[in-house]
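Sequence lines set the chain letters: A, B, ... in the order given, protein chains first and strands last, and positions in each chain run from 1. Remember, predicted model here, so these are calculated numbers, not experimental data.
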Number of protein chains: 2
Amino acid sequence: MRRLVQRRGYNGFGLTELLADAGAPKGVLYHHFPGGKVALAVEAVQRSAESTVASLRAVLAEKRTVKAALVAWLEGAAERLEKSGFANGCPLATITLETAATEPALREALDAAFSQLRAALAETLTSEGRSRAQAERLSALFISAYEGALLQARAARDTSIVVSTLRALEPLLTPDPA
Amino acid sequence: MRRLVQRRGYNGFGLTELLADAGAPKGVLYHHFPGGKVALAVEAVQRSAESTVASLRAVLAEKRTVKAALVAWLEGAAERLEKSGFANGCPLATITLETAATEPALREALDAAFSQLRAALAETLTSEGRSRAQAERLSALFISAYEGALLQARAARDTSIVVSTLRALEPLLTPDPA
DNA sequence: GATTCTATAGACCGGTCGGTCCAGCGCAAG
DNA sequence: CTTGCGCTGGACCGACCGGTCTATAGAATC
């Protein structure tokens, strides 16, 4: 599921293909997910959000500074993208753009996902001494830059745009300035 | 075409619906676009890129500082998004995430589109006294932030994330600092 | 062992997909 | 007026879409 969405988007694959991959027949899916494809995607979004938040928290805990952590996190994402031949993008971003206007349940799950991501980052930023307002603004910027940079990298089949984005962002990530 | 992609993505609508909207039969489409849906989308991407670059250039020419121009540009995009009920997003971003891995011709057109956008911005940034390298980095960041912020705004059905992103970005947009 | 119920398997549904093809309309050349 | 042809209109194609439904396998209860 995750891989299919990453590569081709929510509307880019069919349930038949998904189930064939998983070796499961349709009856199973509609037994566990009476809501069909949308319900399945909601679950996938929640799982994806959890693992993304977890990986962000992990790198924030591992690195000494927020700046080092965020650089490592975004560079890691770019590296994984490149290693997949620029096929495996962020599933949250893709589903958002495809379905935000047509599937309210999915849109809400995506909103929650991005909120969690921003909140996790903002939390650490405040612990580094920033005001809550500043931490929230910077989190918004960083997550925006993260998604936008990876998006452009996919179009270009080149991660240098991610590196450029990160270099421009670095002055804001050092703890002492405004 | 543009509106359909903005709302539902490349895979979210069918040619039958598109042609019904336009009041044209299929024969016409395949006469003018033998490449089918992909060729049609390539053309749409090029048009969209042109008009986006033009709107960026216009606001850069109109405002006294780059900072004022970029704030106005992104806030304008957020306002249009909100006015459409958060339905009309950036078509370039959506098509990129859906098709970058599967449609090389489309991916190249999208790469060109983002490159033009970054180049137009970088050009003005150098004319404001920045080095070429700095201008390119800041362009990369701004376009990334632009796409990422609008994406999150669609998920949230709320433009405040765009405002936050912009506030965090402002220190980098004033001409004098590093 | 008989009964009950949940979970699985997959055939099947109408609808829509992107794409093809041909009949014929209408204009331009002679 | 006739001919030729570029363009248009839309029926039609096989494939696949998301979703439904029935038969039954298998575990749990008594």
Side-chain angles (χ1 to χ4, degrees), chain A residues 1-48 87 89 91-110, chain B residues 1-48 87 89 91-110:
Chain A
M1 175 82 184
R2 187 161 209 272
R3 244 183 90 246
L4 277 170
V5 173
Q6 286 178 312
R7 288 178 189 259
R8 309 215 300 262
Y10 178 77
N11 289 316
F13 68 93
L15 292 178
T16 308
E17 179 184 6
L18 172 70
L19 291 164
D21 265 26
K26 279 202 176 166
V28 169
L29 198 166
Y30 282 89
H31 183 78
H32 294 286
F33 294 93
K37 197 183 187 185
V38 172
L40 189 66
V42 167
E43 167 105 0
V45 163
Q46 287 164 351
R47 276 174 196 272
S48 188
L92 302 176
T94 309
I95 303 183
T96 297
L97 295 180
E98 285 182 279
T99 69
T102 54
E103 296 290 350
L106 213 29
R107 204 220 86 232
E108 281 172 33
L110 289 157
Chain B
M1 174 82 185
R2 188 162 208 271
R3 244 183 90 245
L4 278 170
V5 173
Q6 287 178 313
R7 287 177 189 260
R8 309 214 300 261
Y10 177 78
N11 288 317
F13 68 93
L15 292 179
T16 309
E17 179 183 6
L18 172 71
L19 291 164
D21 265 26
K26 280 201 177 167
V28 171
L29 198 165
Y30 282 88
H31 184 79
H32 294 288
F33 294 93
K37 198 184 186 184
V38 172
L40 189 66
V42 167
E43 166 105 2
V45 164
Q46 287 164 351
R47 276 174 196 273
S48 189
L92 302 176
T94 310
I95 302 183
T96 297
L97 296 181
E98 286 182 279
T99 69
T102 53
E103 296 290 350
L106 213 29
R107 203 221 88 231
E108 281 172 32
L110 289 157

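- Sorted by first then second residue, the side-chain hydrogen bond (donor to acceptor under 3.5 Å, both in side chains) pairs that include residues 31-44 of chain A, not counting sequence neighbours, are A:E43-A:R47.
- Near-neighbour residues of DNA chain C inside residues 3-13 of chain B, defined by a heavy atom below 4.0 Å, number-ordered: B:F13.
- Going from atom CG of B:L19 over to atom C1' of C:dT20 covers 14 Å, rounded to whole Å.
- With rounding to whole Å, B:E17 atom CD is found 17 Å from C:dG15 atom P.
- Judged by distance alone, with hydrogens and angles left aside, the side-chain atoms of B:T99 form a donor-acceptor pair with the main-chain N or O of B:I95 at under 3.5 Å.
- Straight-line distance from the CG atom of B:L29 to the C1' atom of D:dC7: 14 Å, rounded to whole Å.
- Nucleotide D:dG18 holds its P atom 4 Å from the CG atom of A:L15, rounded to whole Å.
- Nearest nucleotide to the B:H31 side chain, out of D:dT8, C:dC17, D:dG18: D:dT8.
- Side-chain nitrogen and oxygen atoms of A:T16 include none within less than 4.0 Å of the OP1 or OP2 phosphate oxygen of D:dG18.
- Annotation: side-chain hydrogen bond (donor to acceptor under 3.5 Å, both in side chains) contacts involving residues 11-28 of chain A, sequence neighbours excluded, comprise A:R8-A:E17.
- A:G14 comes within 4.0 angstrom of sugar-phosphate atoms only, judged by non-hydrogen atoms across all strands, and of no base.
- Atom P of nucleotide D:dC16 and atom CG of A:L18 are separated by 16 Å, given to the nearest angstrom.
- When the nucleotides C:dG19, D:dG9, D:dG18 are ranked by their closest atom to the side chain of B:V28, D:dG9 comes out on top.
- In this model, a side-chain donor or acceptor of B:K26 finds a partner on the base of C:dG18 within 3.5 Å.
- Set against C:dT6, D:dG19, C:dG19, the side chain of B:Y30 has C:dG19 as its closest nucleotide.
- Following rounding to the nearest Å, B:L40 (CG) and C:dG18 (P) show an atom-to-atom distance of 11 Å.
- Here A:H32 does not reach the OP1 or OP2 of C:dT6: none of its side-chain N or O atoms lies under 4.0 Å away.
- In this structure, B:F33 places its CZ atom 16 Å from C1' of C:dG19, rounding to the nearest Å.
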